[in-house]
Number of protein chains: 2
Amino acid sequence: MPKNARGISETVIRRMPVYHRYLKELIDSGIERVSSKELSRITGFSASQIRQDLNNFGGFGQQGYGYNTKALKEQVDKILGIDKSYKSIVIGAGRLGQAIARYKGFRDSGFNVISLFDVKEDMEDISGIKVRNMKDMEKYIRDEKVDVAIITVPKEFCQEVAKKVIDAGVKGIWNFAPYDLKGPEGVVVENIRLNDSLLTLSYFMKEIS
Amino acid sequence: MPKNARGISETVIRRMPVYHRYLKELIDSGIERVSSKELSRITGFSASQIRQDLNNFGGFGQQGYGYNTKALKEQVDKILGIDKSYKSIVIGAGRLGQAIARYKGFRDSGFNVISLFDVKEDMEDISGIKVRNMKDMEKYIRDEKVDVAIITVPKEFCQEVAKKVIDAGVKGIWNFAPYDLKGPEGVVVENIRLNDSLLTLSYFMKEIS
DNA sequence: TAGATTGTTAATCGATTAACAATC
DNA sequence: TAGATTGTTAATCGATTAACAATC
């Protein structure tokens with residue numbers, strides 16, 4: 001696994017949201033401290049691994065005590081950049097695009113959907129968010145300084161859309177089209193491969209039967 | 001990474017859908033043979049890794065020639081169990097549930113959505129698929145011998161729903177609720193963690209800025 | 001203080017890469 | 001045949017686990 005600029009492997013990075021998630025649960029249950037052993041029980045990662053992961057970023061624990069859930073979550077959130085906020089647009093206002101635009105959980109992660117775009121004209125607002133026409137997208141991205149594009153268009157259009165949003169200045173892409181987009185230097189792309197996940201499910205279904 | 005019954009690591013399994021996807025592209029472009037070197041260029045995996053991956057399941061290539069795209073895809077598809085077909089239901093007929101029920105790509109992978117379920121009464125059909133009431137779900141699963149439940153209900157209901165579908169005999173769960181479901185022995189669970197993916201995007205956005 | 005648990009180093013394990021004989 | 005490329009073994013690399021001194 002290649003390491004990024006900071007020297008932290010992607011394997012480790014992808015466990016951070018899990019810590020974030022379970023720490024939130026612990027805090028919501030009123031639990032103030034947690035040991036790596038208990039976190040291990042909850043997350044399924046080994047206690048050793050958890051301590052290693054966290055120590056990549058600093059010593060957040062205390063010997064003999066463990067970790068303060070609130071303080072640790074604050075650190076994890078800071079590592080993940082949840083304090084930052086990103087102007088986002090959804091491209092493709094179909095069911096999936098609508099579902100994403102309406103889902104409040106993403107706003108909590110710092111991604112504010114400020115507009116949707118579609119080739120279809122005169123679509124109704126989605127949860128109070130305007131659906132604009134695709135042809136106005138690039139100007140909108142430039143004018144509003146949009147950070148992130150969430151792509152939910154059909155596969156055959158996703159490369160074309162990606163090129164446009166990158167040229168217009170978008171710095172991150174969250175891609176739902178079943179195609180592996182690759183961004184140039186300075187643009188982050190996160191591909192969601194639902195179909196791959198389903199094929200994996202298919203494999204394991206076969207295994208158990 | 002733990003190995004499964006067949007002795008193939010999950011890391012390898014999760015690359016198989018990628019081979020499937022790119023082989024399909026090659027075949028659609030009329031390309032009949034491909035070397036591990038060329039597959040490496042396309043997929044980003046190393047040629048060595050590709051040969052190792054495929055040889056976990058058998059020697060599908062030919063020295064001096066490479067791989068026949070059609071024959072290899074057939075093998076990969078068989079490994080993934082795409083020839084099998086699974087009766088599936090979508091639980092939660094919101095936008096996400098509707099998007100999934102309508103998406104034809106999943107049917108191509110062998111997952112046929114035969115019904116949706118929702119707590120809301122008297123919902124309209126989605127692409128000709130009936131939306132039934134949640135209270136009839138367990139009987140339906142038993143009567144129709146449903147194999148897979150696709151869960152798109154809000155987080156707070158997903159455990160309860162999972163318990164019900166498992167008790168009713170479902171053998172696979174594709175979970176979109178932001179909660180790590182764990183299945184008992186004999187039940188396969190594939191969790192889609194969209195929010196985790198978004199937090200990873202957030203991390204890398206911070207890195208580049 | 002005694003017990004608990006971290007932070008960190010060393011050991012192990014698994015996955016990836018390199019190399020090359022086999023062979024089409 | 002000569003060139004190409006696999007299948008497979010060995011070497012390397014990275015990630016996980018084990019162990020334990022430090023210390024709260």
Side-chain angles (χ1 to χ4, degrees), chain A residues 1-19 22-23 26 31-76 79 200, chain B residues 1-19 22-23 26 31-76 79 200:
Chain A
M1 195 66 67
K3 302 201 163 191
N4 67 25
R6 269 262 212 56
I8 315 285
S9 80
E10 190 168 330
T11 316
V12 173
I13 302 302
R14 294 207 178 263
R15 279 194 293 264
M16 300 310 287
V18 180
Y19 297 129
Y22 286 110
L23 283 167
L26 288 170
I31 290 161
E32 281 184 4
R33 56 179 277 196
V34 69
S35 64
S36 56
K37 193 178 165 198
E38 174 64 4
L39 269 177
S40 167
R41 205 189 51 75
I42 298 170
T43 61
F45 308 148
S46 77
S48 204
Q49 186 169 59
I50 291 166
R51 293 201 298 280
Q52 294 265 27
D53 281 354
L54 298 175
N55 275 87
N56 278 304
F57 301 97
F60 305 140
Q62 201 175 321
Q63 280 103 328
Y65 173 88
Y67 300 86
N68 177 286
T69 50
K70 268 194 188 166
L72 181 57
K73 177 161 178 295
E74 264 167 40
Q75 293 292 339
V76 169
I79 291 161
T200 308
Chain B
M1 195 66 67
K3 302 201 166 191
N4 67 25
R6 268 261 210 58
I8 316 285
S9 80
E10 189 169 330
T11 315
V12 173
I13 302 303
R14 294 207 177 264
R15 278 194 294 264
M16 300 310 287
V18 180
Y19 297 129
Y22 286 111
L23 284 166
L26 289 170
I31 292 161
E32 282 186 4
R33 57 179 275 198
V34 68
S35 65
S36 56
K37 194 179 164 196
E38 174 63 5
L39 269 178
S40 167
R41 205 189 52 75
I42 298 170
T43 61
F45 308 149
S46 78
S48 205
Q49 186 169 59
I50 291 168
R51 293 201 300 278
Q52 292 266 27
D53 281 355
L54 298 175
N55 275 86
N56 277 303
F57 301 97
F60 305 139
Q62 200 174 324
Q63 282 103 325
Y65 173 89
Y67 301 87
N68 177 285
T69 50
K70 267 194 189 166
L72 181 57
K73 178 163 179 294
E74 264 167 41
Q75 293 292 339
V76 169
I79 291 161
T200 308

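Residue numbers start from 1 in every chain, and the chains themselves are labelled A, B, ... in the order their sequence lines are given, proteins ahead of strands.
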Round to a whole Å and report the spacing from CD of A/E10 to P of D/dG14. 15 Å
What residue pairs, at least two apart or across chains, pass salt bridge (Lys or Arg N to Asp or Glu O under 4.0 Å) with a residue in residues 55-67 of chain A? none
Tell me the interatomic distance from B/D53, atom CG, to C/dT17, atom C1', rounded to whole angstroms. 12 Å
Compare side-chain N and O positions of A/R15 against OP1 and OP2 of D/dA15 and report whether any pair is under 4.0 Å apart. no
Whole Å only: how far is the CD1 atom of B/I50 from the P atom of D/dT5? 13 Å
Under the salt bridge (charged side-chain N to carboxylate O under 4.0 Å, His left out) test, which residues partner A/R41, sequence neighbours left out? A/E38
Enumerate the residue pairs fulfilling salt bridge (Lys or Arg N to Asp or Glu O under 4.0 Å) with a member in residues 53-72 of chain B, sequence neighbours excluded, ordered by first and then second residue. B/R15-B/D53
Dump the intermediate steps for side-chain contact (heavy atoms from CB on, under 4.5 Å) on B/F57 and B/I8, then the final yes or no. CA-CA 9 Å; B/F57 301 97; B/I8 316 285; 3.8 Å; yes
Mind checking salt bridge (charged side-chain N to carboxylate O under 4.0 Å, His left out) for B/R51 and listing every partner two or more places apart, or none if nothing turns up? none
A/S9 side-chain N/O to D/dA15 phosphate OP1/OP2 under 4.0 Å: yes
What residues form a side-chain contact (heavy atoms from CB on, under 4.5 Å) with A/R33, not counting sequence neighbours? A/Y65
Restricting both atoms to N or O, compile the protein contacts to nucleotides 6-8 of chain D shorter than 3.5 Å, with distance only.
| from | atom 1 | to | atom 2 | distance (Å) |
| --- | --- | --- | --- | --- |
| D/dT6 | OP1 | B/S36 | N | 2.6 |
| D/dT6 | OP2 | B/S36 | OG | 2.6 |
| D/dG7 | OP1 | B/F60 | N | 3.2 |
| D/dG7 | OP1 | B/G61 | N | 2.7 |
| D/dG7 | OP1 | B/G61 | O | 3.3 |
| D/dG7 | OP2 | B/N55 | OD1 | 3.0 |
| D/dG7 | OP2 | B/Y67 | OH | 2.8 |
| D/dG7 | N7 | B/R51 | NE | 3.0 |
| D/dG7 | O6 | B/R51 | NE | 3.3 |
| D/dG7 | O6 | B/R51 | NH2 | 2.9 |
| D/dT8 | OP2 | B/N55 | ND2 | 3.3 |

Whole-Å distance, A/R33 CZ to D/dC24 P, equals 15 Å
Using ring pair (Phe, Tyr, Trp, His ring centres under 6.0 Å) as the criterion, list what pairs up with B/Y19, not counting sequence neighbours. B/F45
Who passes ring pair (Phe, Tyr, Trp, His ring centres under 6.0 Å) against A/Y22, sequence neighbours left out? none
Contiguous pairing runs of three or more, Watson-Crick or G-U under 3.5 Å, that involve DNA chain C: C:3-24 with D:3-24
